[in-house]
There are 8 protein chains.
Amino acid sequence: MNMHNNHLYQTLQRIQAGSMEIDEAYRQLEMLPYENLGFARLDHHRAVRDNFPEVIYCEGKSVEQITEVFKHLAQQNHSVIGTRVAESQFRAVKECLPDVQYNPTARLLFLQRASVATIGKAAVITAGTADIPVAEEAALCMEIMGAEVARIFDVGVAGIHRVIDVIPQLNEVRVVIVVAGMEGALASVVGGLTKRPVIAVPTSVGYGASFKGLAALLAMLNSCASGVGVVNIDNGYGAAALAVAILNSFNG
Amino acid sequence: MNMHNNHLYQTLQRIQAGSMEIDEAYRQLEMLPYENLGFARLDHHRAVRDNFPEVIYCEGKSVEQITEVFKHLAQQNHSVIGTRVAESQFRAVKECLPDVQYNPTARLLFLQRASVATIGKAAVITAGTADIPVAEEAALCMEIMGAEVARIFDVGVAGIHRVIDVIPQLNEVRVVIVVAGMEGALASVVGGLTKRPVIAVPTSVGYGASFKGLAALLAMLNSCASGVGVVNIDNGYGAAALAVAILNSFNG
Amino acid sequence: MNMHNNHLYQTLQRIQAGSMEIDEAYRQLEMLPYENLGFARLDHHRAVRDNFPEVIYCEGKSVEQITEVFKHLAQQNHSVIGTRVAESQFRAVKECLPDVQYNPTARLLFLQRASVATIGKAAVITAGTADIPVAEEAALCMEIMGAEVARIFDVGVAGIHRVIDVIPQLNEVRVVIVVAGMEGALASVVGGLTKRPVIAVPTSVGYGASFKGLAALLAMLNSCASGVGVVNIDNGYGAAALAVAILNSFNG
Amino acid sequence: MNMHNNHLYQTLQRIQAGSMEIDEAYRQLEMLPYENLGFARLDHHRAVRDNFPEVIYCEGKSVEQITEVFKHLAQQNHSVIGTRVAESQFRAVKECLPDVQYNPTARLLFLQRASVATIGKAAVITAGTADIPVAEEAALCMEIMGAEVARIFDVGVAGIHRVIDVIPQLNEVRVVIVVAGMEGALASVVGGLTKRPVIAVPTSVGYGASFKGLAALLAMLNSCASGVGVVNIDNGYGAAALAVAILNSFNG
Amino acid sequence: MNMHNNHLYQTLQRIQAGSMEIDEAYRQLEMLPYENLGFARLDHHRAVRDNFPEVIYCEGKSVEQITEVFKHLAQQNHSVIGTRVAESQFRAVKECLPDVQYNPTARLLFLQRASVATIGKAAVITAGTADIPVAEEAALCMEIMGAEVARIFDVGVAGIHRVIDVIPQLNEVRVVIVVAGMEGALASVVGGLTKRPVIAVPTSVGYGASFKGLAALLAMLNSCASGVGVVNIDNGYGAAALAVAILNSFNG
Amino acid sequence: MNMHNNHLYQTLQRIQAGSMEIDEAYRQLEMLPYENLGFARLDHHRAVRDNFPEVIYCEGKSVEQITEVFKHLAQQNHSVIGTRVAESQFRAVKECLPDVQYNPTARLLFLQRASVATIGKAAVITAGTADIPVAEEAALCMEIMGAEVARIFDVGVAGIHRVIDVIPQLNEVRVVIVVAGMEGALASVVGGLTKRPVIAVPTSVGYGASFKGLAALLAMLNSCASGVGVVNIDNGYGAAALAVAILNSFNG
Amino acid sequence: MNMHNNHLYQTLQRIQAGSMEIDEAYRQLEMLPYENLGFARLDHHRAVRDNFPEVIYCEGKSVEQITEVFKHLAQQNHSVIGTRVAESQFRAVKECLPDVQYNPTARLLFLQRASVATIGKAAVITAGTADIPVAEEAALCMEIMGAEVARIFDVGVAGIHRVIDVIPQLNEVRVVIVVAGMEGALASVVGGLTKRPVIAVPTSVGYGASFKGLAALLAMLNSCASGVGVVNIDNGYGAAALAVAILNSFNG
Amino acid sequence: MNMHNNHLYQTLQRIQAGSMEIDEAYRQLEMLPYENLGFARLDHHRAVRDNFPEVIYCEGKSVEQITEVFKHLAQQNHSVIGTRVAESQFRAVKECLPDVQYNPTARLLFLQRASVATIGKAAVITAGTADIPVAEEAALCMEIMGAEVARIFDVGVAGIHRVIDVIPQLNEVRVVIVVAGMEGALASVVGGLTKRPVIAVPTSVGYGASFKGLAALLAMLNSCASGVGVVNIDNGYGAAALAVAILNSFNG
């Protein structure tokens, strides 16, 4: 019989013996609670476990579904975020939830009913201007979660002096998000110039043999620089979530 | 004229005016020094800038090249690491550099002439036993750089209780490396159970439609869990470098 | 001369000899009958042979073609199903066939003129809410064919407790359909927690490196759990057909 | 508070109240037990949960690892199976475990210390003779697990009469495994001719644009016949596991 | 000096010597004539050399360009064909060229000012009804070129008796075009049942892992049947061109 | 009731009525005969139906299997061919079958116990010398089947004059096989210069972005010339089979 | 200490010693200047360094962004170019910048306020008429930069005589751009017929297995002709930039 | 009648009229001469037309074939080059051709019987030491053809100061070849820092998601820097051929 089972068995014995309170046992043994809406199961403890509230991926969801999920999550969370939201969806949701906010560049829908504690500094750097929507999704998500964010846009490697120029800014933050499409070389160059952890976000910016971001994705995965982790193509939120996890890693 | 150029111009003016020492200016203006071996340019400042010494990718290098590089780097660094080194290469290099060490599972060659300061705790978790070589490359690299590493092997998601059982261990570290081949689902499950940053390493373990690690790579990039960054297939060192960057991010 | 030919030859001899009725021989020898509409050949015996009536794949078919096929099939079948039908197509067909029904989530058009015998229990489980249309296609097809279906939606692996919570429900059915996009890890986790046969349906839910369902497809094919069979991306009907074949396998 | 937590809480309350035995609670609450060998975690309850004992994927494992795992599993299981085992590995393992058996065509290593109950009939059909190793892996695995297996080899669709000839044999079993490389068309043809569930195994037999089994895999996933589930390329064991799950699905 | 040059040199010598007429030499030496419209170079001798007149690929061409090309080609050819023409393009062209004809299923625009000699019999067979537009493009092109065409539609391999039923029809023609999407298995089955040359046309019919016809294309290239040649996805015209080349191969 | 079934029913009625002989009915109704070796089912009627005897794909077959198959086929066929045969396999088979022949360039093993009737002329043209093994497989297969073959090697498009020089030779045959690796452009150039049907064989000659023949395969499928059909990469036999089907198409 | 650092140090020493002017040092040491618009960083020295002004990739940029960038660049450059500009974008920009010009075929927006010096001759050759937009983008960009351009359109390899006919024209220029979709064979044929450097531009013209230009791209990369460099699919501007770099390479 | 034919016709008329010498006409009209070795057709005029002698791709050629080709080419050329030659092949060829030379790093076999005129300066720059074999193939080929070559190795972008340091060297040459594997970012960085034409050679250096050079290839094709042309993966010779074409473009 292994330790895991012993732990369970002993907990049960302690309860039986009266040497442990049910609430203490419950706290130890319970799996995390959630709420069943029928079409969605909401995880109210996500913020504790994952740093982030349940972020809603809204592509392909109806306005009714988004509104319902936001309402339920808003009852137990200070912050709720919806990604990939069209402006028309925002307007429809706002009729039911007047305090919902929207950023059209980032395509983020969010509720923020209380201020959050500051968790540290991060930077978001893009290779081009077409990468800004993805970068803004990352930056705004991080800000909602409490990070202080430096935005540094349009510093592609074809003008390497622009990159070198911003390195001092990068060295003042704890984590750097690099957003680039086309050949995605910015991740390698930045990775070689800073000792901070680098989160690389390939974007679908480009055409032809960029294959909707595949070229940048492969380049970033093969980066010759150390300390670079990669997230999905156009996944600004995913980069933000990792950055916040890093920042929070030292806050407890 | 932009700030960057102003800074340069003003520095030059200060030197001319005698209000700044050449050495101070030099420190500010120089690019990082390196040494040219002809076939390789060694970067002696890498450790300062990048947390890691110049780690030598040894696949396709001759024993002579590896030995030469190790000798030069060892003169100015406390730690030198070579990755993807065959046992026969190790034996040949050891004749010239007797204090070089080798780990056959991780296929790492390394020199460590001084103890390093502890930088924090990390965990490496694998889905199967066939993933251990990649995991060991990650774990040993982190240890050489000063991290304390928990190794947790063979906890595939097909036996989910094994994963749940080790979550307490994961919550004691600051960063988690997940190493998995086949369908790579462990990254998502671990990512959902811990709030620590997760670095996912797909491995080439599998056959057929694993396409030498592509299936695991794509799965990890599409992880539904938050806070997951991905490195190249079988790139244990790359995961270690990112983990160390994260750990060091709070040490200054 | 092999057995096959012997069988044929002997049957012919028996007819010649008068020891077998033509109708008996005909039943044994005939290939299955079908009807030629010109643009489509309808297979009226499909229900007997394949558990399922000829299910019409309606994408790219005109309203006239769909109506014509439904009319002919309805003359000799109790149930007829059309998949991937737009609401506008349904409305046009309904004018000619007033008793045709439509489910807009599943995009299924169907006729059911008699109740069917119950064939057993199945479950359909999805990782997210965006997977529901594919899941509903599977669930409704199974119900039309006589299965009793448990729908369990939005139990992604990032909240593993949700999955564990529904395992008892899965153990009450004879076959489980898992519907998941993104990294498709749910198939492995469910496959490891139930001993029932698992039919995995990758969906095109996701973006970037999901490559329209390829990531989930590869993950499911490489599942480290045993007892998992995979169907085409978004192929809810295909999963239903396999599930019904399994359920019917023990009904004769 | 949701049902899941209620169940846990109530169980704890019942123990505290003395209205439930610890052993009953333990049985309900424990996760499945396993044993930690350091490099591998063995799951002794797998047979109960999954129909199959823990089957060891031996590619890339050392002889020592295989032997160790077999020894431990053999203490608590009647049957142990190792897949993708080279003949040289078998000979080395046999020195420590004399009653281990080996099938060189299927490349299976197995221990069978007790007879198993019969669970039903299955068929394995191949398109060519080069597909036989994969088919034999499937067939032998099923036999070790208690199935009665009909082997029907070399019935490619280019000679369609061969396929038609064996249909009566297929209709006598409860599940059919189709093994085919090249264009993999046999799955569609068999799927159209039998109402039994069909498990399709693409093989890497072929060259050029077969892309090591990709052509057959895609063909099988796109089968126009109903009731076909697909497993990984060359994954005979995976097909057997699904077939056994189907057969066992009606044994309780 | 090689034969080629000798031939040229000798021709020149014969002209100089007066032993060959300029016109004879010209006929031998000229490359084929064409006409330069600026945006297109029309090849008036194509019909002689290639069996087919210059067939215009109209996707991405303006109505003006199509009309201009048709006008010029019509001056020197009896038949002109445009492929992939939208109905709106046809209507615009018809205003300038009233005798132009259009087939909306095949999306073919064509002029036929004289009857053509019969060149032989061909058959076009499809797996489904959704493959008919591609099949019709092939059939109509062949008819314009003088072939007699049997259309046999909707005979997918999931109902193998339908295929067997039409084999006698296939054996009456000289060349068979098989049009199929999804898994494309019809090419193999037909290829195994007829000794006629088979031209396989994969179509983009399908979804998910059909990858817009890739699955059918790979299947057809890997056909286990002999005597199968493949053309591009959805390339009905290409199949017709090859079939006509085969038919003409014996007419001179 | 359709014609097919009527035909069967009427045949049975005629036998019963005594108006048709069993042997006549048997001839009409039987599927084609074959012989079951256990590991392989030999199709003795293939030559009649398919122009070609059953050609044995020998990759992955044991010497015993090849010998057994050759022996059985040789009893009922004049010609037997094995493709992809290593020289060592040939030597082993020759010990049992002394009159077997071998061509090391084409890697063909064959038996030819009677001369065959001439069926017509074909040409095989290669882009480079590295394509010769595939070309020789095609040429020799065609010769064994009765074709007269012109071999024209190393006429790549980078020296277009070489191609133009051989066009007269191509116009003397009825079908042309073009064998090319790298960018596969020869198929388009030859297709534009001859009106004969062109069978294009991409080869795996090349490196890097040739992706083992994929570049040539795609190029040939997209040929801008008319009348080009494509077979699998390196499939010289497949091209020969199609060419022979074309040649035989006019011999009855 | 390496040469690089010596150079820097010595420069600083010379300034301190008064033996070098600040302006001279500044000129040597400065990185290239640029201007920060917030959403874009404009590089005013690009023309000096790169032959080309900063060319604006306008896909996905707003009319406001394009106008802003054009205004700023126009202040310090004689020529400004925007690529992939829709006609509607042009009209909106023209309201603010009345002297902006637009070419609808090339989809180029440009300002040219001074005549440029002639830099040499180039040719652009296309395989088909559908390739003209990409070719025109290349040709017009080169003309704006000072090149004299010969346009040679619709000379596909299926009519090889057309290609041979234009070779003399190609030999009169210094660099040749070949634009082709489908199988992209024109690059190989032209590369074999001219000794000039050839820049190959694959286009997305085609369908099915052209995979949006992949077939042409791979063909061009595998060209058997020497002296061919490839740019991205549909990247007319990229080809022009390389051609201008070649022409300028000999102008200083 | 077009100009091309007029030219031919007029030439013939002039010969007939005696106003042109046969030799002059012959020179104008002949296609380029070549020699037929049976397995290879040698192009003796290649050096005139293409700058380069016929370079022999030796992979897959026998020692006999290589020797034969070298012998014939050496009779009419001053320089002959064989690429991808193993050392063992060199030793065997050297026995017949004692003055043949070999470079084991570049794997080049070559004959150089006369000195060549200098054609200009080029540079070859690599990202890593593992890229040196490909770079050396390019450098040595260029030197044999008359170029003066600067070799600059191991200047990866992760140490951007190394790249900046060598820019002055790059500005002294007329064309730059960039050789890089992994993420291939060096091409973009160099392309942004020099105005010279850049030829990018992706290498297969890397592992996992480098997919044997695909990542670097895609990155280079998507380079955000202007003036970059790409050749096949590992194709050092191809880059050299393009560079020499560029250098020669201004020599006549």
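A, B, ... follow the sequence lines: proteins, then strands. Residue 1 opens every chain.
Sparse packing is recorded around NZ of D/K121, with 12 or fewer heavy atoms of other residues, nucleotides or ligands lying under 6.0 Å away.
Proximity to chain D at a heavy-atom threshold of 4.5 Å picks out F/L214, F/L217 from residues 209-220 of chain F, in numerical order.
Listed for the F/N232 side chain is a donor-acceptor partner under 3.5 Å among the backbone atoms of D/Y207.
Between atom CD of residue F/Q65 and atom CD1 of residue D/I132 there is a gap of 6.0 Å, rounded to the nearest 0.5 Å.
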